[in-house]
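Read the structure below first, then the notes.
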Amino acid sequence: MDIPVFLFSGFLESGKTTFIRDTLEDPGFTEGDKILLLVCEEGEEEYDEKQLSASNTVIEYIEDEESFTESLIASFALKHSPKKVIIEWNGMWRLEKLMTMKLPKKWQIVQMITTVAAPTFDLYLNNMRSVIMEQFTNSDMVIFNRCDENTKIGSYRRNVKAVNPAAQVYFENADGTEPDKNDTLPYDINADVIELEDEDFGIWFVDAMDEPEKYAGKTIVTKALVYKNMRLPEGTFIPGRYAMTCCADDVRFIGPFCKSLLTTDEKIRRLKKNECIKLTAKVVVEDCKFYKGEGPVLYASEIEPAALPKNEFVYFN
């Protein structure tokens, strides 16, 4: 039987320890099994020995990244023979080391949760984007805590979804309640025809992929670059933009699957890769092999040549 490993990541004082302590108080999680807690970062919050004993948890501290080795982890596995493992990862350490490490026999990472202190997110995003995006990319769940009326919920959610569409994203206030949704989009979501500014394409795309039903039946007018290859069916293409999701070395082309109406078949055949166009298309939510499931499919009604956008990249704020 595999030994499940639960990985908690986030920067210092992001709420990892509090989350783990709450988890260890849940009998539905502990189930009386022996749990090994590996702590790679010590913040202001500490673990209570009585609580650890009550939840049948043993704790080991790892002081620096160089000490986190396969041999050390193997020695802990042999010493404690745990049935479950929790790793409180240091947010300043690169996750690649852990993800590529050979874990002890039967250890299997089953869930990664990243906690974020909402008041400091912009600071980390601006100064340590590649590190925090690595955490988001690998996470099953991201929790923004200590939210208030100034928390840009929509923007923060899109930054996660841009690199990991499958991640669950939650927000909570300092008192544990759920904040009011204050997602202000830079365009009128209630309009039948939504005309996107050049800089808003990334925001629209991530929002449409996350909640496609919001756009069902709407007409989108946007400037986009053309992506085509031999694997796309005849009469289809990807209208999109280049997005810097992590850093300068991580530039991706993002865009929805687009089909033609009968009047645009010939225009689509003549389109060239990276050609800039002005596209008018209706959004239909349907099953699509390109998405490997249901998603927003554009049906083009007008395609016209357009000048390149002033900014090469799009963002998600």
Side-chain angles (χ1 to χ4, degrees), residues 96 99-100 133-134 136-140 158-167 194 196 198-309 311-316:
E96 183 181 6
M99 295 302 181
T100 57
M133 287 302 176
E134 183 189 35
F136 290 165
T137 299
N138 290 281
S139 293
D140 300 290
R158 286 189 292 271
N159 271 280
V160 177
K161 291 290 187 175
V163 295
N164 187 350
I194 300 175
L196 300 176
D198 290 349
E199 61 272 19
D200 296 337
F201 182 91
I203 295 173
W204 169 78
F205 174 72
V206 173
D207 198 54
M209 291 299 297
D210 190 34
E211 298 183 88
E213 64 281 355
K214 288 166 52 175
Y215 298 92
K218 305 278 186 181
T219 295
I220 301 296
V221 180
T222 185
K223 188 181 290 185
L225 302 177
V226 172
Y227 177 80
K228 297 175 74 178
N229 67 24
M230 298 297 293
R231 290 176 293 180
L232 291 173
E234 181 75 15
T236 69
F237 71 106
I238 308 300
R241 295 285 303 279
Y242 288 98
M244 190 184 300
T245 56
C246 177
C247 57
D249 294 328
D250 187 19
V251 175
R252 307 179 189 181
F253 189 84
I254 61 170
F257 186 74
C258 185
K259 297 180 178 181
S260 69
L261 298 176
L262 292 177
T263 55
T264 64
D265 274 346
E266 184 58 34
K267 284 187 177 182
I268 288 181
R269 280 193 288 270
R270 293 199 303 264
L271 290 175
K272 304 296 182 183
K273 187 175 180 179
N274 284 330
E275 178 182 353
C276 188
I277 61 170
K278 181 180 179 181
L279 173 69
T280 302
K282 184 177 181 179
V283 181
V284 177
V285 180
E286 62 184 30
D287 191 69
C288 177
K289 290 183 179 179
F290 180 73
Y291 300 133
K292 298 180 180 178
E294 197 174 74
V297 176
L298 300 190
Y299 280 80
S301 57
E302 294 182 33
I303 300 174
E304 302 296 337
L308 289 170
N311 195 331
E312 181 180 3
F313 303 114
V314 293
Y315 301 90
F316 309 100

Leu196 and Val221: CA distance, side-chain angles, deciding distance, side chain to side chain contact (heavy atoms under 4.5 Å, CB included) verdict: CA-CA 6 Å; Leu196 300 176; Val221 180; over 6 Å; no

Report the C-alpha distance between Phe237 and Phe257 in whole Å, list the side-chain angles of each, state the deciding distance to 0.1 Å, and finish with yes or no for side chain to side chain contact (heavy atoms under 4.5 Å, CB included). CA-CA 6 Å; Phe237 71 106; Phe257 186 74; over 6 Å; no

Treating [X] as the side-chain partner and [Y] as the backbone partner, does any N or O pair qualify as donor plus acceptor under 3.5 Å?
X	Y	value
Asn159	Ala162	no
Ser260	Ala300	no
Lys278	Ile303	no
Arg158	Phe316	yes

Nearest heavy-atom neighbours spanning [X] and [Y]:
X	Y	result
Pro212	Pro296	CB-CD, 4.0 Å
Phe201	Pro256	CZ-CD, 4.1 Å
Ile268	Gly235	CD1-O, 3.6 Å

N-O pairing of Lys267 and Glu304 below 4.0 Å: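 Yes.
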
So, do [X] and [Y] sit near enough that their side-chain heavy atoms are less than 4.5 Å apart?
X	Y	result
Tyr215	Val285	no
Ile220	Val283	yes
Leu271	Ile277	yes
Cys276	Pro309	yes
Glu199	Tyr315	no

Any salt bridge (charged side-chain N to carboxylate O under 4.0 Å, His left out) pairs touching residues 213-228, not counting sequence neighbours?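 Pairs touching residues 213-228 that pass the test: Asp198-Lys223, Asp207-Lys214, Glu211-Lys214.
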
Under the side chain to side chain donor-acceptor pair (under 3.5 Å) rule, collect the residues that match up with Arg241, sequence neighbours excluded.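 If we apply the side chain to side chain donor-acceptor pair (under 3.5 Å) test to Arg241, skipping adjacent residues, there are no hits.
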
Mind running side-chain hydrogen bond (donor to acceptor under 3.5 Å, both in side chains) on Tyr299 and Glu286 for me, showing each step along the way? CA-CA 11 Å; Tyr299 280 80; Glu286 62 184 30; 2.9 Å; yes

Nearest-0.5 Å distance, CE of residue Met133 to CG of residue Asn164: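 Rounded to the nearest 0.5 Å, the CE-CG separation comes out at 11.0 Å.
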
Value rounded to 0.5 Å, distance of OG1 in Thr137 from CD in Glu96: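 Answer rounded to 0.5 Å: 12.0 Å.
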
Between Thr222 and Ile194, is a side chain to side chain contact (heavy atoms under 4.5 Å, CB included) present by the stated rule, with each step listed? CA-CA 8 Å; Thr222 185; Ile194 300 175; over 6 Å; no

Using the salt bridge (Lys or Arg N to Asp or Glu O under 4.0 Å) rule, take Arg269 and Glu234 through it: C-alpha gap first, then chi angles, then the decisive distance, then the call. CA-CA 8 Å; Arg269 280 193 288 270; Glu234 181 75 15; 3.8 Å; yes

Name of the residue among Asn229, Leu225, Leu232 meeting side chain to side chain contact (heavy atoms under 4.5 Å, CB included) with Ile238: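 Considering Asn229, Leu225, Leu232, a side chain to side chain contact (heavy atoms under 4.5 Å, CB included) with Ile238 is found only for Leu232.
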
Hey, which of Phe205, Phe253, Phe313 is the one that makes ring pair (Phe, Tyr, Trp, His ring centres under 6.0 Å) with Tyr242?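 Exactly one pass, corresponding to Phe253.
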
For a side chain to side chain contact (heavy atoms under 4.5 Å, CB included) check, start with the C-alpha distance between Leu298 and Leu279, then their side-chain angles and the critical distance, and finish with the verdict. CA-CA 10 Å; Leu298 300 190; Leu279 173 69; 4.0 Å; yes

